[in-house]
Amino acid sequence: MKVELAIIRGGEKRLVPFEYAPREEGERPMALDVLLQAQATDIPDLSFRYGCRNRTCGLCTVDINGRPRVGCRARVREGDQLSAPSTLPVVRDMVSRRDGIARQLRGRVPSTLRGNDLDVEAPEDYHALTACIECYACLDNCPMHARNFDQGIERRDENKAYTSGNPFSLLKLQRIRLDPVATREDANKALNAAIELGIDACYDCPGCKCGVGIDLKRKVVKPLVDASKALLSED
Amino acid sequence: MDKETVVLSYDVIVVGSGGAGSAAAHAASRDGARVLVVTKDPIGCSDSKIAEGIVTVRGVAEESDSHEVLSDNLRLAGGDLPVPEITEAFAEDSEEAYDWLRRQGVRPRIDSKNGGPVVLPIALGGHSHRRSVSHDNGGLAVGHAAWNAVVQGDGVDYIEDSWFLDIVTEDGPEGPVVAGGLIYDAGEGCLIAVQAPAVVIAAGGLSTLYFPNTDTMRGNTGDSYAVAARAGAELVDMEQVQFLPFCLTSPPSYEGLLAGEPVTAGYLGVIRGADGKIILDSVMLRTRAECAAAMVRAVEAGNGTESGGCYLDLTANVKGERSAKYYVKFVHTAVSGVMVTVRQALGRAASEFKEIWEVRPGAHYCMGGVRVDAEGSAKALTNRHPVRGLFAAGQAMGGVFGGNRLGSTSLSEGPIFGARAGHKAAELRVKKMPEEKKSLSSEFEIALRSYLEVFGQEGDRSGSGMIRELQKAAWNGIGPSRSRVGLERFLRQVADFRKQASSIAVSKESIWNQAFIDYVEFLNMLDTAEAVAVSALNRPNSLGAHIRMDGGNTSVLFTKPYSVGVFHAKSGGLQTCKLNRPSTPWSTLLAHAYHGLKRRLELKILWVLPLALQDRIVEKKFRDVMGSLETEKPEAERKVSNGEELEAA
């Protein structure tokens, strides 16, 4: 099976053809299988991220034909092109720089929850949000995240954090709002953080897509949009 | 390397950001220390995150579950290799560690009857009491907690995409003293020298040595052990590598992934050899080590499948109409993530337990590790000096589990010993930081130079290729089946590999120099593999996870227990030592043996009963521990879509 790998080094991008040799008859390999075999044969110093091979660690996200997919569980077809997630600056080959995302929550989430009794049941939506594996597939087509690269300039603050948010960060904030152990103050702080990160970008957005199937629109974006509108109309 | 070395200073460096590293960083920062967390993968992306998410919490279900009982369970399962003060610490702190995880956002289901967390209905193999709490979304719940503890700020700085290369020590009057560490920041493309009086190693295990026969994170390249040993620390029990018995053999993309635990084999699960005959019954009551050992011996005796595995036969569990639904519910509660994997890999019929599964042991956890005390401080033989300021926690440390780790214990181990090490490390902080940074000592300069020289190294080998060769050799030499001949051959291969390391080509790229990363990880894997092999040679008989095909079994009753220690000798090369451990009293051993025999007998009797009666008895057993399924309200749909559905989308 022939595929193309986008090899990016020192700012130069090359499209390198690669012939995948199936390991058993009729094998439909995953994107990660292709990268591992390319490393074992043609490109020994190929750079790519991976961890658990079991769709849980969130590391192996790559773009297949320009769309982000969890590499260890995304099948590759003849002629597909594999490249680094395009929503973040590419460091080398399939590796994009991710650390500006998580950093934007520094100081915006409580360091230790101590509001209530720990033996309290969390709502179903809280558990639904815990399913997030942090694959960052949700950054794709996100108008809020796109603000970080407005006019081609990368916008990071002094802590190297992106100044505008994204569905992942909103999920983390909404999780705090749903957590029965968090205090009211924690929840309000989370809502304000969503506003600071630019929740208004979600007002007219048709919605985002999660890499592992969490209903982001209904369980993350809508509650935050509604609450932020209510809060802002109070002022 | 065209960028200048960055010089930083902190009170505590924590290497790793999983369950142990995050707890260490949090604890140290709470005590006022300025902490730097260094991780090569993004924050929280660790074995804790990808685990099944089951946590040991002493006393959560049964009052009789005392500290002594849990501590004894650990030592008994570990073949008396665990250190009593360490297992006692585990037993004392498990509830506090769980509460810490909950304060970071881990939310169990709450039992409406007793008002506490819902506990798995059946004790996991080797646990005398029910004390394992499972979580929706498995380890992801713990992953989020670790992430929170590091990212939130409050005195913790962190850098990801950064490889911790080595601890730098200086010679004091009482042996080596930690001066800091060296880091390769691949994202920025520079080396960082960090001056710090304390380093907590919490960088996980070594299972990537056995790739693809492993279900753990790629990053487990033995960094913890290699880095600590090079700094002068002693390692213990390194021959004790846990192989989970039930890992998949196919299809290729799923090779090595977990397909279940002994307890999820249910009351009627058995292991069969290639010839279809039962090689181990009462699987549910066995430890991971017992199951893996039975399989390895069957394969060695020629009764294995073509891909070197055996068959896990769970079909009897779903033959009885009444009991089947209890079994299915039990497995899906205990290991929901595993069942998604099995469904995708082996198909619907297998995932409904109607077909047998081909399985093979896979590397999961290293019980051995840095020799430390119960606070995580490095310990040393009386004629040597411990490295002052060196701490280890989580999978990096030894002495907790010895010959076998019981299910659900590692997610407690991380925060228990992470917090202990973090607090202790914070005590070494310098009260007032000097106004100006000290210039780097000669020890730093020497260490820096040794790494800077690697950039631009010429040669005809690749690091990734060498790693693959080492993985192949490791599976054969220090895998689940071992012998003197095999171990000695492996050590010769290690010596060869070491010679070839200087022929690995490394470019001069500063940013994300993949060849440099591969080179560094290859050497860590090599150092670790050698420590495993040397330790394995020094244990001629089988014990726990260590199976010597050319030796006998170690009787816990008649042998004085000892751990194998290993360290770099001043003269070069690895030196080993024996560390005596106290025996469990005869009375405890006999009581344990009697208890085990009784439970096994109960299961054996089930097999000879007619199906209808067997069905009723098993149903009753499940009902006694799970409650009736008849009265239960339909469960709200809370599972997110699985990978299969996504793929179709």
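Below, read A as the first sequence line, B as the second, and so on, with proteins coming before strands; counting in each chain starts at 1.
Of the possible donor and acceptor atoms, none in the side chain of A:Arg23 sits under 3.5 Å from a partner among the backbone N and O of B:Pro251. With A:Arg106 contributing its side chain and B:Gln152 its backbone, the two residues share no donor-acceptor pair below 3.5 Å. The backbone N or O of A:Pro44 sits nowhere less than 3.5 Å from a side-chain atom of B:Ser462 that would complete a donor-acceptor pair.
The closest side-chain heavy-atom distance from B:Arg103 to A:Leu118 is below 4.5 Å. No side-chain heavy atom of A:Arg49 sits less than 4.5 Å from a side-chain heavy atom of B:Arg218. Side-chain contact between A:His127 and B:Arg109: present, with at least one pair of heavy atoms (C-beta onward) separated by less than 4.5 Å. Side chains of B:Pro252 and A:Glu24 form a contact here, defined as non-hydrogen atoms less than 4.5 Å apart.
Neither the backbone nor the side chain of A:Val70 comes within contact range of chain B, judged by heavy atoms closer than 4.5 Å. Using a 4.5 Å cut-off between heavy atoms, A:Leu178 makes no contact with chain B at all. Using a 4.5 Å cut-off between heavy atoms, A:Leu46 touches chain B through its backbone atoms (N, CA, C, O) alone. The part of B:His26 that comes within reach of chain A is its side chain, from C-beta onward, which places non-hydrogen atoms under 4.5 angstrom from that chain. Contacts of B:Asn513 with chain A are absent, with no heavy-atom separation under 4.5 Å from either backbone or side chain. For chain A, the nearby parts of B:Arg102 are the backbone and the side chain; heavy atoms of each come within less than 4.5 Å. Interface residue A:Ile133: backbone and side-chain heavy atoms are both found under 4.5 Å from chain B. Using a 4.5 Å cut-off between heavy atoms, B:Phe211 touches chain A through its side chain atoms alone. For a residue to count as touching a neighbouring chain, one of its non-hydrogen atoms must lie under 4.5 Å from one of that chain's; by this rule A:Arg108 does not touch chain B. Heavy atoms closer than 4.5 Å to chain A are found in both the backbone and the side chain of B:Asp99.
Minimum interatomic distance between A:Asp119 and B:Pro117 (heavy atoms only, all atoms of both residues): OD1-CD, 3.6 Å. Scanning all heavy atoms of the two residues, the minimum distance from A:Leu59 to B:Cys45 falls at CD2-SG, 3.8 Å.
There is a side-chain donor-acceptor pair under 3.5 Å between A:Asp33 and B:Ser253. With no hydrogens or angles considered, no side-chain donor-acceptor pair links A:Asp45 and B:Ser464 at under 3.5 Å.
For residues 140-150 of chain B, heavy-atom neighbours of chain A at less than 4.5 Å comprise B:Leu140, B:Ala141, B:His144, B:Trp147, B:Asn148, B:Val150, sorted by residue number.
Rounding to the nearest 0.5 angstrom, the gap separating the CD1 atom in B:Ile43 from the CZ atom in A:Arg103 is 7.5 Å. Taken from CE in B:Met217 to OH in A:Tyr50, the straight-line distance is 10.0 Å, to the nearest 0.5 Å. Of the inter-residue distances, the one linking A:Cys57 atom SG with B:Asp41 atom CG reads 7.5 Å to the nearest 0.5 angstrom. Interatomic distance, A:Asp117 CG to B:Ile110 CD1, rounded to the nearest 0.5 Å: 8.0 Å. With values rounded to the nearest 0.5 angstrom, A:Arg53 atom CZ is found 11.0 Å from B:Thr341 atom OG1. A distance of 8.5 Å separates CG of A:Asn54 from CG of B:Asp215, quoted to the nearest 0.5 Å.
Every residue two or more places apart in sequence or in another chain that forms a side chain to side chain donor-acceptor pair (under 3.5 Å) with B:Arg107 is listed here: A:Asp179.
Considering only heavy-atom pairs separated by less than 4.5 Å from chain B, the leading option among A:Ile176, A:Leu36, A:Val120, A:Leu32 is A:Val120. Contact count against chain B (heavy-atom pairs under 4.5 Å) is highest for A:Ser47 among A:Ala122, A:Cys72, A:Gly58, A:Ser47. Between chain B and the residues A:Thr56, A:Val91, A:Thr130, the most heavy-atom pairs under 4.5 angstrom are made by A:Thr130. Here A:Lys172 is the residue among A:Lys160, A:Gln39, A:Lys172, A:Arg9 with the most heavy-atom pairs under 4.5 Å with chain B. When each of A:Val95, A:Asn159, A:Val109, A:Asp125 is scored by its heavy-atom pairs under 4.5 Å with chain B, the top score falls to A:Val95. Ranked by heavy-atom pairs under 4.5 Å with chain A, the list B:Asp47, B:Ile50, B:Thr216, B:Ile511 is led by B:Ile50. Highest contact tally toward chain A, considering only B:Thr208, B:Asp518, B:Asn220, B:Asp161, is held by B:Asp161 [criterion: heavy-atom pairs under 4.5 Å].
Around CD of A:Glu185, the count of heavy atoms belonging to other residues, nucleotides or ligands within 6.0 Å does not exceed 12. Atom CD of B:Glu306 is surrounded by 12 or fewer heavy atoms from other residues, nucleotides or ligands within 6.0 Å.
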Can you list the steps and then say if B:Glu160 with A:Arg98 is a salt bridge (charged side-chain N to carboxylate O under 4.0 Å, His left out)? CA-CA 9 Å; B:Glu160 13 182 287; A:Arg98 309 172 28 132; 5.2 Å; no
Salt bridge (charged side-chain N to carboxylate O under 4.0 Å, His left out) between A:Arg97 and B:Glu188: does it pass, once the steps are laid out? CA-CA 10 Å; A:Arg97 182 134 197 201; B:Glu188 292 291 332; 3.2 Å; yes
